[in-house]
Structure formats: structure tokens, C-alpha cells
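Values reported hereafter were calculated over all heavy atoms of this structure, with side chains retained and with hydrogens, waters and symmetry mates removed.
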Amino acid sequence: MTAESPVTDEENPAQAVGDAGVKGALARFRVLAYIVGVGLLALCFAMVMNYVFDEPMYSAIVGPAHGFLYIVYLVTIVDLALKARWSLKGTVLVMLSGVVPIGSFFAERSVTRKVRRGEAI
């Protein structure tokens with residue numbers, strides 16, 4: 001009788017997708033991606049109100065809130081990147097998706113699909 005040794009995460013990173021840590025990090029990333037995407041759209045609206053209609057109060061409220069949430073978004077990306085073993089290039093590209101209006105929505109779909117399949121980012 002030969003016993004097969006279990007495959008570790010180091011030998012097969014795709015196996016790590018089943019870990020609760022990766023699932024939790026992915027769930028946090030997905031929530032923050034939508035929040036940051038909506039926040040960036042709200043910030044665009046606030047900037048239009050500020051520069052076109054001379055109403056700075058929207059920017060004063062939405063700007064700092066979006067800035068804080070974007071930092072939290074970056075932290076969740078780093079957390080997921082470390083747990084799912086992303087490349088540095090992939091991590092930076094996902095981070096930059098949060099500065100393009102509606103970019104975080106597309107990044108969320110792509111990242112979710114790839115992480116669930118165990119593909120490299």
C-alpha cells in the first residue's frame with residue numbers, strides 16, 4: 001500500500017483558493033471594489049458640481065470619504081494578493097483599476113473569475 005503525500009499550497013497555488021482565508025479576502029475585495037466604484041462615480045459627480053455649478057460642498061463630503069475608502073480598498077487588494085499569490089504587476093494593475101471610473105467593476109469581475117479558477121494574476 002502506497003500512501004500519496006498531500007499536495008501543499010506551495011506546490012499547487014490553485015489549491016489555496018479553497019482556503020477560508022482566500023475566500024474571505026476575495027469577499028472583502030468584492031465588496032470594497034463595488035463601494036470604491038460607486039464612490040468614484042459620486043466623486044466625479046461632486047467634481048462636476050464643484051467646477052461647473054460652483055457647489056463645493058459635495059466635493060468636501062465625497063472627496064475625503066472616497067480617499068479613505070480607496071486606502072481600505074488598497075489594503076484589501078494587498079491582503080488578497082498575498083493570500084492568492086499574485087504577481088507584483090497584477091497587484092499594481094488591480095490597484096490602479098480603482099482610479100478609473102467604472103474600472104473597479106471590471107477588475108472585480110476579472111479578479112473573481114481568475115481567483116476562483118486558480119489562475120495567476
Side-chain angles (χ1 to χ4, degrees):
M1 227 175 12
T2 61
E4 291 184 31
S5 63
V7 178
T8 63
D9 289 345
E10 293 168 359
E11 295 171 1
N12 185 6
Q15 180 182 353
V17 176
D19 281 349
V22 174
K23 286 182 181 180
L26 180 61
R28 287 186 294 275
F29 166 75
R30 293 184 73 191
V31 169
L32 262 299
Y34 280 105
I35 291 172
V36 167
V38 171
L40 187 55
L41 292 174
L43 182 61
C44 290
F45 169 77
M47 297 302 286
V48 168
M49 294 301 290
N50 187 17
Y51 291 112
V52 175
F53 298 107
D54 198 27
E55 291 288 334
M57 74 174 183
Y58 298 107
S59 295
I61 295 168
V62 176
H66 172 70
F68 173 76
L69 290 171
Y70 183 70
I71 298 300
V72 175
Y73 175 67
L74 294 178
V75 171
T76 62
I77 290 172
V78 170
D79 179 43
L80 180 58
L82 291 174
K83 290 178 179 172
R85 296 191 179 109
W86 293 356
S87 68
L88 180 61
K89 178 183 172 185
T91 304
V92 170
L93 288 174
V94 174
M95 288 178 166
L96 289 175
S97 71
V99 299
V100 178
I102 73 168
S104 65
F105 300 119
F106 291 108
E108 183 273 331
R109 294 308 309 155
S110 176
V111 166
T112 300
R113 185 180 67 252
K114 287 184 178 186
V115 168
R116 286 184 177 163
R117 289 182 185 167
E119 297 175 2
I121 294 180

Let me have the donor-acceptor pairs involving side chains of residues 56-80, under 3.5 Å, with sequence neighbours excluded, atom names and distances please.
| residue | atom | partner | partner atom | Å |
| --- | --- | --- | --- | --- |
| S59 | OG | A46 | O | 3.1 |
| Y70 | OH | M95 | O | 2.8 |
| Y73 | OH | S97 | OG | 3.2 |
| T76 | OG1 | Y73 | O | 2.7 |
| D79 | OD1 | K83 | NZ | 3.2 |
| D79 | OD2 | R28 | NH2 | 2.9 |

What pair of heavy atoms forms the shortest contact from V36 to S104, and how long is it?
-> C-OG, 4.3 Å
Atom OG in S87, atom CG in L93: separation rounded to 0.5 Å?
-> 8.0 Å
Give a yes or no on whether F45 and V38 share a hydrophobic cluster (residues Ile, Leu, Val, Met, Phe, Trp, Tyr; joining criterion: side-chain heavy atoms under 4.5 Å apart).
-> no
For L43 and L40, what are the C-alpha separation, side-chain angles and deciding distance, and is it a side-chain contact (heavy atoms from CB on, under 4.5 Å)?
-> CA-CA 5 Å; L43 182 61; L40 187 55; 4.2 Å; yes
Could you pull out all residues at least two apart from V100 that satisfy side-chain contact (heavy atoms from CB on, under 4.5 Å)?
-> none
Roughly how far, to the nearest 0.5 Å, is NZ of K89 from CD1 of I121?
-> 13.0 Å
Scan residues 77-121 for pairs that pass ring-ring contact (aromatic ring centres under 6.0 Å, His included), counting only residues two or more places apart or in two chains.
-> Y34-F105
F29, V99: one ILVMFWY side-chain cluster at the under-4.5 Å cut-off?
-> yes
Step by step, would you call K114 with R109 a side-chain contact (heavy atoms from CB on, under 4.5 Å)?
-> CA-CA 9 Å; K114 287 184 178 186; R109 294 308 309 155; over 6 Å; no
When hydrophobic residues are tied together by side-chain contacts of less than 4.5 Å, even through go-betweens, does V22 share a cluster with V31?
-> yes
Report yes or no: do E108 and T112 form a side-chain donor-acceptor pair below 3.5 Å?
-> yes
